[in-house]
Participant: 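Below is a structure I'd like to ask you about.
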Amino acid sequence: MQISLKNRLMAFFLAALAVVLTAFSFAIYFFARLHLNQQLEDRAGATLETLVAASEVHPNGLEWQPDIHKITFWHEDQPTIWAVFDQSGTMIDCPPNQSFPVGNFSKSSEPVNLISQSNFKYGGQDWRVFQIKLDSGHSIRIEMDPLKVLYKELVFMTAWPLKSQSSSLSLKYLSWTLILVAGSAWGMAAVLGRWFCQKALLPLSEMTRDVDRITADQLSYRLKPPSTRDELQSLSEAFNELMDRLELSFAKQSRFTSEASHQMRTPLTALMGQLDVALRRDRDTLEYKRVLTSSRNQVVRLQKIVELLLFLARADAESKASSLEWIELTQWLKHQLKASWGEHLRYTDIKLEFEDHQLVHLQSHSAMLTQAIDNFIDNAMKYSEPGTAIMIRLINQPDTTIIEVEDHGKGIKESDLSQVFDPFFRSSDNRNRGVDGFGLGLAIVARIASALDADYSVRSKLGEGSIFQLAFHHNTSQKPIFSNQSHLS
Ligand code: ADP
């Protein structure tokens with residue numbers, strides 16, 4: 001089931017509100033009960049105080065005068081339950097017609113002058129019984145006056161129902177009020193929240209509508225960022241930037257495809273033409289041999305293009321798939337240069353330059369690194385005169401290792417510099433003069449550099465020469481190890 005963002009937000013909001021309102025209502029209910037309990041204790045305390053005040057302290061004992069101090073308390077139209085006991089637990093006074101079993105509470109467990117409390121069940125109701133004991137500190141002594149009886153101890157008790165009629169009513173009233181208030185607050189929040197959510201998410205709905213309009217043929221379409229100065233504005237700006245990059249990448253891809261098909265069509269057309277002409281009539285063996293040799297050259301060219309394109313497509317994946325190895329660059333470069341260019345006529349033009357007595361270790365992919373350096377050297381040889389030096393430099397900096405290829409050839413026009421690493425780019429001069437090449441060598445270097453997390457760059461001056469660089473930045477896992485070495489042969 002699909003839930004819209006608006007409904008999801010609402011559900012979260014309402015659930016949170018329900019929890020808060022319930023907790024709030026319970027808290028109020030709890031404090032109200034506490035308050036009623038306190039009230040009960042206050043009333044009981046007041047009853048006991050009145051009873052205590054009705055007794056008189058004489059030098060020889062305590063006096064209770066039931067006839068003089070006939071006390072009746074009323075609460076909610078009910079006579080309050082109370083009783084007075086002497087030290088032996090005999091009840092000496094209580095209101096008339098009182099049925100509560102007061103006899104159970106003739107002794108107080110608390111020390112003198114302290115109110116004790118205990119709960120009791122009677123008549124299907126919960127009661128709280130409060131007691132207080134007074135002690136005269138004397139033994140019993142009967143006065144001459146028979147009306148004046150003195151007691152050693154007096155125990156006063158009073159009992160109160162835990163749920164009085166009025167407190168039950170107020171609690172019931174309170175709980176209904178809380179349910180109603182919380183319920184209507186929740187309902188109002190649901191209606192208002194829905195409206196607010198709709199308003200808050202309006203820019204998002206508009207963005208979704210706009211994004212729906214974007215198709216592969218309409219990559220230039222951009223979102224109108226809402227001026228909300230919030231995450232939604234940042235999101236739409238980020239989306240537009242993503243679209244910029246995508247559009248550029250799509251344009252590059254389609255340029256690449258059309259260039260690639262064009263590059264492949266040229267040798268294919270030439271091949272077809274040669275074969276058609278050859279098949280038009282019977283030819284002697286020599287003629288067939290010439291046509292076949294020429295056709296083979298076109299096939300070799302095609303094969304080369306396909307290989308280069310495949311390399312371009314695979315470079316990233318291959319570098320990720322194969323594990324990197326530690327290479328000691330000074331020895332490795334010497335070895336690779338000899339292996340790749342040892343048979344070349346211009347091998348003697350290649351000069352390797354690095355700080356002596358130093359070994360440079362780099363974690364890299366040997367085959368890819370060879371390919372990138374070979375492409376630089378291949379160009380240097382193509383675009384500089386035989387006999388001019390081609391310098392290969394290994395430069396060590398504290399946080400970067402640079403491999404540099406410099407030639408003293410024709411150089412590159414400033415306007416071309418930013419494009420030389422684009423696939424199929426060839427300077428117009430080279431195209432016109434029919435210099436061999438596909439414009440893929442430097443694109444491959446760029447791809448290799450990105451696969452090896454390296455930077456690539458070019459500096460050039462027309463008529464003076466060019467310098468191409470690959471820079472490897474050291475991170476913790478790729479810290480170069482510099483060590484001394486006596487001499488490299
Ligand atoms: P290709 O050399 O096959 O044309 P590249 O991708 O290797 O393709 O080079 C792209 C373009 O960059 C070349 O056509 C050339 O115009 C320019 N270029 C590359 N290297 C050099 C260099 N060392 N000197 C002058 N121009 C160069």
Side-chain angles (χ1 to χ4, degrees), residues 252-253 255-267 297-298 300-315 337 340-341 344-347 349-353 368-393 402-452 454-471:
K252 267 189 179 173
Q253 287 287 336
R255 214 168 38 235
F256 180 85
T257 318
S258 75
E259 283 280 4
S261 20
H262 178 75
Q263 287 288 341
M264 289 171 77
R265 195 170 338 117
T266 314
N297 288 343
Q298 299 296 351
V300 168
R301 196 175 155 79
L302 263 174
Q303 192 185 22
K304 180 90 184 139
I305 296 177
V306 171
E307 271 168 14
L308 290 174
L309 288 175
L310 270 176
F311 188 91
L312 264 182
R314 279 199 318 246
L337 290 176
S340 302
W341 303 98
H344 199 278
L345 283 175
R346 291 191 64 186
Y347 180 59
D349 290 344
I350 300 177
K351 309 272 182 269
L352 178 57
E353 231 182 61
M368 286 203 180
L369 202 55
T370 309
Q371 178 77 59
I373 296 168
D374 281 356
N375 286 9
F376 281 159
I377 297 176
D378 187 41
N379 281 347
M381 286 186 170
K382 255 192 325 197
Y383 303 113
S384 72
E385 289 302 321
T388 55
I390 295 169
M391 309 296 304
I392 320 287
R393 289 196 195 89
I402 297 170
I403 300 173
E404 182 175 282
V405 177
E406 177 178 7
D407 67 64
H408 301 282
K410 54 197 285 201
I412 303 168
K413 265 201 287 182
E414 208 180 324
S415 55
D416 288 350
L417 270 179
S418 60
Q419 301 173 70
V420 288
F421 286 96
D422 290 347
F424 299 110
F425 175 81
R426 308 200 66 213
S427 73
S428 48
D429 182 42
N430 290 336
R431 273 183 203 272
N432 298 341
R433 288 198 302 132
V435 179
D436 197 26
F438 304 108
L440 286 173
L442 290 181
I444 285 176
V445 172
R447 192 63 65 92
I448 289 174
S450 102
L452 297 180
D455 284 342
Y456 55 88
S457 61
V458 56
R459 279 178 286 146
S460 184
K461 202 150 193 207
L462 208 57
E464 285 185 22
S466 317
I467 300 176
F468 286 86
Q469 279 191 344
L470 273 180

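Values below: every heavy atom of this structure, side chains too, minus hydrogens, waters and symmetry copies. Each ligand, and each atom within it, is numbered from 1 in the order the structure gives.
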Participant: Any non-hydrogen atom of F468 lying under 4.0 Å from ligand 1?
Facilitator: yes
Participant: Among E404, E406, R393, which residue meets the side-chain hydrogen bond (donor to acceptor under 3.5 Å, both in side chains) test with Q469?
Facilitator: E404
Participant: Examine N379 against ligand 1 and note whether any of their N/O atoms are separated by less than 3.5 Å.
Facilitator: yes
Participant: Under a 4.0 Å threshold between the charged nitrogen and the carboxylate oxygen, would K410 count as salt-bridged to D429?
Facilitator: yes
Participant: Measure from the ring center of F424 to the ring center of F256 and say whether it is less than 6.0 Å.
Facilitator: yes
Participant: Among protein heavy atoms, which lies nearest atom 23 (N) of ligand 1, and at what distance?
Facilitator: D407 OD2, 2.9 Å
Participant: Among all the protein's non-hydrogen atoms, which is closest to atom 4 (O) of ligand 1, and how far away is it?
Facilitator: R426 NE, 2.7 Å
Participant: Which protein non-hydrogen atom lies closest to atom 26 (N) of ligand 1, naming both residue and atom, and how far is it?
Facilitator: I412 CG1, 3.2 Å
Participant: Report, in ascending order of atom number, the atoms of ligand 1 lying under 4.0 Å from any heavy atom of G411.
Facilitator: 25 (C)
Participant: Distance under 4.0 Å to a non-hydrogen atom of K382: what atoms of ligand 1 satisfy this?
Facilitator: 1 (P), 2 (O), 3 (O)
Participant: For K382, is there an ion pair with D407 - N to carboxylate O distance below 4.0 angstrom?
Facilitator: no
Participant: So with a 6.0 Å cut-off around NZ of K351, is the heavy-atom count from everything else above 12?
Facilitator: yes
Participant: Any chance the side chains of D374 and S340 put a donor and an acceptor closer than 3.5 Å?
Facilitator: yes
Participant: How many angstroms lie between atom CG of L462 and atom CD of E414, to the nearest 0.5 angstrom?
Facilitator: 10.0 Å
Participant: Can you confirm whether F468 sits close enough to N375 that some side-chain heavy atom of one is under 4.5 Å from a side-chain heavy atom of the other?
Facilitator: no
Participant: Could you tell me, atom by atom, which parts of ligand 1 come under 4.0 Å of a heavy atom of G439?
Facilitator: 1 (P), 3 (O), 4 (O), 6 (O), 8 (O)
Participant: Looking at ligand 1, does any of its N/O atoms fall within less than 3.5 Å of an N/O of D436?
Facilitator: no
Participant: Check the orientation of F421 and F376. Use parallel for under 30°, tilted for 30 to 60°, and perpendicular for over 60°.
Facilitator: perpendicular
Participant: Looking only at distances, can you tell me whether any N or O atom of G441, backbone or side chain, sits closer than 3.5 Å to an N or O atom of ligand 1?
Facilitator: yes
Participant: Starting from atom 16 (O) of ligand 1, locate the nearest protein heavy atom and write down its residue, its atom name and how far away it is, to 0.1 Å.
Facilitator: N430 ND2, 2.8 Å
Participant: N/O to N/O below 3.5 Å, does that happen between G437 and ligand 1?
Facilitator: no
Participant: Are side-chain N/O atoms of T388 and R346 paired as donor and acceptor at under 3.5 Å?
Facilitator: yes
Participant: In the protein, which heavy atom is nearest to atom 18 (N) of ligand 1, and how far is it?
Facilitator: Y383 CE1, 3.8 Å
Participant: Enumerate the atoms of ligand 1 whose separation from the nearest heavy atom of S427 is less than 4.0 angstrom.
Facilitator: 14 (O), 16 (O)
Participant: Check S466 against ligand 1 and report side chain, backbone, both or neither, counting heavy atoms closer than 4.0 Å.
Facilitator: side chain
Participant: Please determine if R426 and E259 form a salt bridge, counting it only when a charged side-chain N lies under 4.0 Å from a carboxylate O.
Facilitator: no
Participant: If you have a sec, work out which protein heavy atom is nearest atom 10 (C) of ligand 1 and how many Å separate them, to one decimal?
Facilitator: F425 O, 3.2 Å
Participant: Give me the residue, atom name and distance of the protein heavy atom closest to atom 17 (C) of ligand 1.
Facilitator: V420 CG1, 4.0 Å
Participant: Check each heavy atom of L440 against ligand 1 and say whether those closer than 4.0 Å belong to the side chain, the backbone, both or neither.
Facilitator: backbone
Participant: May I ask you to identify, for L442, whether its side chain, its backbone, both or neither come under 4.0 Å of ligand 1 on a heavy-atom basis?
Facilitator: both
Participant: Quick one, H344 with I377, criterion side chain to side chain contact (heavy atoms under 4.5 Å, CB included). Give me CA distance, side-chain angles, the key distance, then yes/no.
Facilitator: CA-CA 11 Å; H344 199 278; I377 297 176; over 6 Å; no
Participant: Find all atoms of ligand 1 within a distance of less than 4.0 Å from any non-hydrogen atom belonging to F438, and give their numbers and elements.
Facilitator: 3 (O)
